[in-house]
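I have placed the structure first, in the form of structure tokens, so that the comments after it can refer back to it.
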Amino acid sequence: DAKTTQPNSMESNEEEPVHLPCNHSTISGTDYIHWYRQLPSQGPEYVIHGLTSNVNNRMASLAIAEDRKSSTLILHRATLRDAAVYYCILLGAGGTSYGKLTFGQGTILTVHP
Amino acid sequence: EAGVVQSPRYKIIEKKQPVAFWCNPISGHNTLYWYRQNLGQGPELLIRYENEEAVDDSQLPKDRFSAERLKGVDSTLKIQPAELGDSAVYLCASSSSGQGIKETQYFGPGTRLLVL
């Protein structure tokens with residue numbers, strides 16, 4: 001399975017933008033980039049996903065590098081409710097990894113008031 | 001729309017005892033997943049169902065773990081006998097099959113198991 005690398009932790013202030021990086025240098029051409037987050041004592045929740053083009057939704061934006069070897073999840077205005085573990089996951093198209101979410105350690109985001 | 005429902009939310013048992021977890025997925029979702037999450041780690045897939053069929057159970061420790069999804073809706077995950085190392089959060093997720101690698105998984109709140 002293609003792997004992702006994320007910083008262990010990041011900090012932000014409330015109302016400021018947050019850029020969460022993810023490296024995936026071994027990504028294949030058909031892998032989708034998915035982001036999930038997990039709030040304390042809850043199950044993970046879907047945030048956003050993309051393939052090649054940048055994506056926006058009501059929760060966040062996803063910026064994908066032109067070579068697809070890295071991506072950045074952007075929270076435009078962090079709130080205290082955004083404090084969570086953020087996971088960057090490659091969802092594969094082939095073989096036994098098809099549709100399989102493989103979670104890494106993720107990035108622990110702390111938001112200060 | 002109701003989300004994924006799991007019960008119980010918490011369970012404390014002594015080692016060697018059996019335990020079972022129940023999951024009701026989102027209505028209409030054909031694909032159901034069971035994950036295990038150890039403290040400080042990301043969730044790990046145990047088993048994935050497409051309707052009633054277990055299509056990926058390669059990570060399920062089959063000597064003590066079993067799962068079923070009768071009628072392709074609710075699912076039960078069982079551990080018998082439980083060991084100290086089974087203490088973890090057991091998460092259930094569901095998705096609407098047909099979207100393949102773009103499909104979103106919806107997770108329940110999990111069952112926190114403590115084995116003493």
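Note that the structure is a prediction, hence the values are computed from the model and not measured. To find a chain, count down the sequence lines: A is the first, B the second, and so on, and within it residues start at 1.
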Measure across A/Y87 and B/Q37 and return the closest heavy-atom pair with its distance rounded to 0.1 Å.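 Looking at all heavy atoms of both residues, the shortest contact is OH-NE2, 3.5 Å.
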Measure across A/Q105 and B/G40 and return the closest heavy-atom pair with its distance rounded to 0.1 Å.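 Closest approach of A/Q105 to B/G40, heavy atoms only: OE1-O, 3.3 Å.
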Could you tell me if the side chain of B/Y35 sits less than 4.5 Å from the side chain of A/P44, heavy atoms only?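 A/P44 vs B/Y35: side chains apart.
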Would you say A/Y36 and B/Q105 make side-chain contact, with heavy atoms under 4.5 Å?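 A/Y36 reaches B/Q105 side chain to side chain.
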For atom [atom1] of [X], decide whether the heavy atoms of other residues, nucleotides or ligands shown that lie under 6.0 angstrom number more than 12.
{"X": "B/Y106", "atom1": "OH", "answer": "no"}
{"X": "B/I13", "atom1": "CD1", "answer": "yes"}
{"X": "B/L39", "atom1": "CG", "answer": "no"}
{"X": "B/K71", "atom1": "NZ", "answer": "no"}
{"X": "A/R77", "atom1": "CZ", "answer": "no"}

Please round to the nearest 0.5 Å and tell me the distance separating atom CZ of B/F107 and atom CD of A/Q38.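 That separation rounds to 8.0 Å.
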B/P43 versus chain A, heavy atoms under 4.5 Å apart: side chain, backbone, both or neither?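 Answer is both: backbone and side chain atoms of B/P43 are under 4.5 Å from chain A.
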